[in-house]
There are 2 protein chains.
Amino acid sequence: MRQAVSPGPFVDVPEPPDLPDPLPEPDVADLRLDRVMAALSDPLRLEIVRRLLLERQEFDHPCGWFGFDRPKSSLTHHFRALREAGLIRQRQYGLERRSHVRVDDIEVRFPGLLALVASWTPPDD
Amino acid sequence: MRQAVSPGPFVDVPEPPDLPDPLPEPDVADLRLDRVMAALSDPLRLEIVRRLLLERQEFDHPCGWFGFDRPKSSLTHHFRALREAGLIRQRQYGLERRSHVRVDDIEVRFPGLLALVASWTPPDD
DNA sequence: TGCTAAGTTCGAGAAAACTCGTACAAGGAG
DNA sequence: CTCCTTGTACGAGTTTTCTCGAACTTAGCA
């Protein structure tokens, strides 16, 4: 069923059971294109989603895995923006809060969008 | 050649020669995904692009054709945001300034993006 | 019992975007 | 010329977003 829903290049990695509950996030039916676009209008957030897509075979990545040179409170802000727009799902593992892209959900509602993000390259200026 | 570049459902309507020069706009190579996303993060602008796509067989549409109940200065603001992001091209015809989506350019740089906008429906709240 | 590490919450300052009124420019019809 | 229409430019007020420091929370470990 999962593959039938998302025939594109992005397929969710199957997850082991008994995971911690996801943090609050919008339901698939409540995803809004304008909100998603706004979340993806920031270069740092584009980079977060891009790298989550490229290295998605690894398990969910904690906030510090990206190596951004920003204060932790700034990162919290941007990850929350992505989660509240519905682009990523976050779960708490002990101290870490790990994230992954909601590939199936986004692909169903906005097919092809993640491919654009995956092929994005950060501006070099 | 044009069809080879853009095999998707969006193909530019051929334009008659001797058109007025377009207003200043970014070159195709300078289109930035984050800028385009920011331009499409506003519901009114999404609606503008959507309706330009749906009724693109008609000729370019002037600002007032949409019938938005907003001050003219607000509309100027939003149309300029779309043009500066590279989503629309604007030409001056006498008094009117007519707009159309840069379908080929966007489709080449961000394939599939316009399909998402075309199938968007404005929020009903 | 502390100590460290990951990340949050709060709040404030700065920057950007949105909205709109007003004044202005310029084409077209009479 | 005069009036009407389409739309711009400017500027101010408001709202949103971004950014970051400081204090706090919690898990794991020695």
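A note on names: the letters A, B, ... follow the listed sequences, proteins ahead of strands, and every chain is numbered from 1. All values derive from a computational prediction rather than experimental measurement.
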Let me confirm one number: the CZ-CD1 distance from A:Arg45 to A:Ile88, rounded to the nearest 0.5 Å.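 That separation rounds to 10.5 Å.
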Taking for each residue the nucleotide of DNA chain C bearing the nearest heavy atom, is the 5' side occupied by B:Lys72 or by B:Ala81?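 The 5'-side residue here is B:Ala81.
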Protein-nucleotide distance ([X], atom [atom1]; [N], atom [atom2]), rounded to Å:
{"X": "B:Glu96", "N": "C:dA26", "atom1": "CD", "atom2": "P", "result": "18 Å"}
{"X": "B:Arg80", "N": "D:dC10", "atom1": "CZ", "atom2": "C1'", "result": "10 Å"}
{"X": "B:Leu75", "N": "C:dC20", "atom1": "CG", "atom2": "P", "result": "10 Å"}
{"X": "B:Leu95", "N": "D:dC3", "atom1": "CG", "atom2": "P", "result": "17 Å"}
{"X": "A:His77", "N": "C:dA14", "atom1": "NE2", "atom2": "P", "result": "18 Å"}
{"X": "A:Glu84", "N": "D:dT17", "atom1": "CD", "atom2": "C1'", "result": "13 Å"}
{"X": "A:Asp34", "N": "D:dT17", "atom1": "CG", "atom2": "P", "result": "11 Å"}
{"X": "A:Arg83", "N": "C:dG7", "atom1": "CZ", "atom2": "C1'", "result": "12 Å"}

Scan A:Arg98 against the nucleic acid and name what it touches under 4.0 Å (heavy atoms): base, sugar-phosphate only, or nothing.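 Result for A:Arg98 = nothing.
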Under 4.0 Å, heavy atoms only, any strand: does A:Arg70 hit a base, just the sugar-phosphate, or nothing?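 Counting heavy atoms under 4.0 Å across all strands, the contact made by A:Arg70 is with sugar-phosphate only.
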Keeping the roles fixed (side chain from [X], backbone from [Y]), state whether a donor-acceptor pair exists under 3.5 Å.
{"X": "A:Ser119", "Y": "A:Ala115", "answer": "yes"}
{"X": "B:His78", "Y": "B:Ala39", "answer": "no"}
{"X": "A:Arg109", "Y": "A:Leu31", "answer": "yes"}

Check whether A:Trp65 forms a cation-pi arrangement with A:Arg51 (NZ or CZ under 6.0 Å from the six-membered ring centre, at most 45° off the ring normal).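 Yes - A:Arg51 lies over the ring of A:Trp65, closer than 6.0 Å to its centre and within 45° of its axis.
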Return no unless some side-chain N or O of [X] is found under 4.0 Å from OP1 or OP2 of [N].
{"X": "B:Ser73", "N": "C:dC20", "value": "no"}
{"X": "B:Arg97", "N": "D:dT6", "value": "no"}
{"X": "B:His78", "N": "C:dT19", "value": "yes"}

Of the nucleotides C:dG21, C:dC18, D:dG21, which has the atom closest to the B:Arg45 side chain?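 The nucleotide sitting nearest to the side chain is C:dC18.
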